> 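Have a look at this one.
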Amino acid sequence: MKFNESNDIMNIRLTLQFDGTDYHGWQIQPGKPTIQGALRDALRIITREDINPIGCGRTDAGVHAEEYTASFRTDSSIPVDRIPFALNANLPQGIVCRGAEAADDDFSANKSAAAKCYRYTIDNGMFPDVFLSRYAWHVKYELDTERMRRAAEAFLGTHDFIGFASSGFSVKTTVRTIYGIEIAKSNNIITADVTGNGFLYNMVRIIAGTLVYAGSGRIDPAEMPEIIESRRRERAGITAPAKGLCLRKVFY
């Protein structure tokens, strides 16, 4: 066990997993349950300190995370390897701490992130699978995954993605780089894994909605480069429901 015997300020990196169905995203919002708020309250109990944990990024209400990174500073003497056990005893249902480790002093869950991978899941059966109802978008009309893959190729590389963002955000630039989009199908389940250096507000959900339009024939994959270049939101597909989106991994 690693104790903080000198009571120096330690920078702790956490790995969280959460079902976002019952939460209004990561960031604290007055009067609403959030992941950051639940983690802050649990940290207060186990460290007896007022800690505002830093997250690797905002997630929308209803979005899930398989591997979400958070960080915080503390002078608590609790052993680092016992932090997950202590947190899990105080976190509400749907949020689990999967690991904790001492990080370098300059590590930030947000600013140190180099890339993220999100997965969007589509239930493409005629009838919805009740056990996927919290984690997948049910699209009953058959989707052509080859058309979706051809459309996805246009997103690769560096582009101005202003046409794939919802209003209500404030960033210095809307230029982002997509490193890869992997589309797979198993039985009736279609997944789209999108990896990039950063994402605009609702960007992955709009990409998912656009790929569904391509798979259904509403958008010609050959037109995707022009649609991206147009930077016009109305040229893209709909914003896919939040419940199908999951943050899979953050790269540092």
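Since this is a predicted model, take the numbers as computed values, not measurements. Positions are given from 1, in the same order as the sequence printed here.
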> For the pair Leu43 and Leu87, evaluate side chain to side chain contact (heavy atoms under 4.5 Å, CB included) and give the outcome as yes or no after the intermediate values.
CA-CA 7 Å; Leu43 286 170; Leu87 281 175; 3.7 Å; yes
> Without hydrogens or angle criteria, can the side chains of Arg233 and Thr239 be said to hold a donor-acceptor pair below 3.5 Å?
yes
> Could you check whether Asp106 pairs with Lys111 (Lys NZ or Arg NE/NH1/NH2 to Asp/Glu carboxylate O, under 4.0 Å)?
no
> Does this structure show an ion pair linking Glu146 with Arg149, if we count only N-O contacts that are shorter than 4.0 Å?
yes
> With heavy-atom distances below 4.5 Å as the criterion, would you say the side chains of Glu67 and Val250 are in contact?
no
> Answer yes or no: is there a donor N or O on one side and an acceptor on the other, between the side chain of Thr174 and the main chain of Asp160, under 3.5 Å?
no
> Closest heavy-atom contact between Lys140 and Met126?
CB-O, 3.6 Å
> Tell me if the aromatic rings of Tyr118 and Phe199 count as close, with their centers under 6.0 Å from one another.
yes
> Looking at CD of Gln36 and CZ of Arg58, how far apart are the two atoms once the value is rounded to the nearest 0.5 Å?
9.5 Å
> Using the rule given for side chain to side chain contact (heavy atoms under 4.5 Å, CB included), can you reason through Ile78 versus Ile83, listing the C-alpha separation, both sets of side-chain angles and the distance that settles it, and then say yes or no?
CA-CA 7 Å; Ile78 184 172; Ile83 290 176; 4.0 Å; yes
> If hydrophobic clusters are built by linking Ile, Leu, Val, Met, Phe, Trp and Tyr wherever their side-chain heavy atoms come under 4.5 Å apart, do Met148 and Tyr213 end up in the same one?
yes
> What distance separates Asp60 CG from Ser166 OG, expressed to the nearest 0.5 Å?
8.0 Å
> Could you check whether Asp22 pairs with Arg134 (Lys NZ or Arg NE/NH1/NH2 to Asp/Glu carboxylate O, under 4.0 Å)?
yes
> Roughly how far, to the nearest 0.5 Å, is CG of Asp193 from CZ of Arg119?
4.0 Å
> With a 4.5 Å cut-off on side-chain heavy atoms, are Ile35 and Trp26 touching?
yes
> Taking C-beta and beyond as the side chain, do Phe251 and Cys117 meet within less than 4.5 Å on heavy atoms?
yes
> Is the number of heavy atoms from other residues, nucleotides or ligands within 6.0 Å of CZ (Phe131) greater than 12?
no
> Using side-chain heavy atoms (C-beta onward) and a distance below 4.5 Å, is Arg44 in contact with Ile51?
no
> Between Tyr23 and Phe18, does the ring pair (Phe, Tyr, Trp, His ring centres under 6.0 Å) criterion hold? Intermediate values first, please.
CA-CA 9 Å; Tyr23 295 91; Phe18 57 81; 7.6 Å; no
> Got more than 12 heavy atoms from elsewhere within 6.0 Å of CD, Glu229?
no
> Side-chain contact, heavy-atom cut-off 4.5 Å: Tyr120 with Leu211?
no
> Could you tell me whether the side chain of Arg176 reaches within less than 4.5 Å of the side chain of Val171, counting heavy atoms only?
yes
> Can you give me the closest heavy-atom contact between Leu91 and Leu39, atom names plus distance?
CD2-CA, 4.0 Å
> Would you say Phe85 has more than 12 foreign heavy atoms packed within less than 6.0 Å of its CZ?
no
> Walk me through it: do Tyr252 and Arg13 pass the test side chain to side chain contact (heavy atoms under 4.5 Å, CB included)?
CA-CA 12 Å; Tyr252 291 95; Arg13 171 175 170 172; 3.5 Å; yes
> Any idea which heavy atoms bring Ala102 and Met10 closest together, and the distance?
CB-CE, 3.9 Å
> Do the non-hydrogen side-chain atoms of Arg248 and Thr195 ever get within less than 4.5 Å of each other?
no
> Looking only at non-hydrogen atoms, find the nearest pair between Ala236 and Phe164 and report the distance.
CB-CE2, 3.6 Å
> Can you find a heavy atom in the side chain of Arg40 that is under 4.5 Å from one in the side chain of Pro53?
yes
> Say whether Tyr135 and Asp19, considering side chains only, have a donor N or O and an acceptor N or O under 3.5 Å apart.
yes
> Of all heavy-atom pairs between Asn124 and Leu143, which one has the smallest distance, and what is that distance?
OD1-N, 3.1 Å
> Does the distance from a Lys or Arg side-chain N to an Asp or Glu carboxylate O, for Glu226 and Arg235, drop under 4.0 Å?
yes
> Okay, side chain of Ser186, backbone of Ile189: is any donor-acceptor separation there less than 3.5 Å?
no
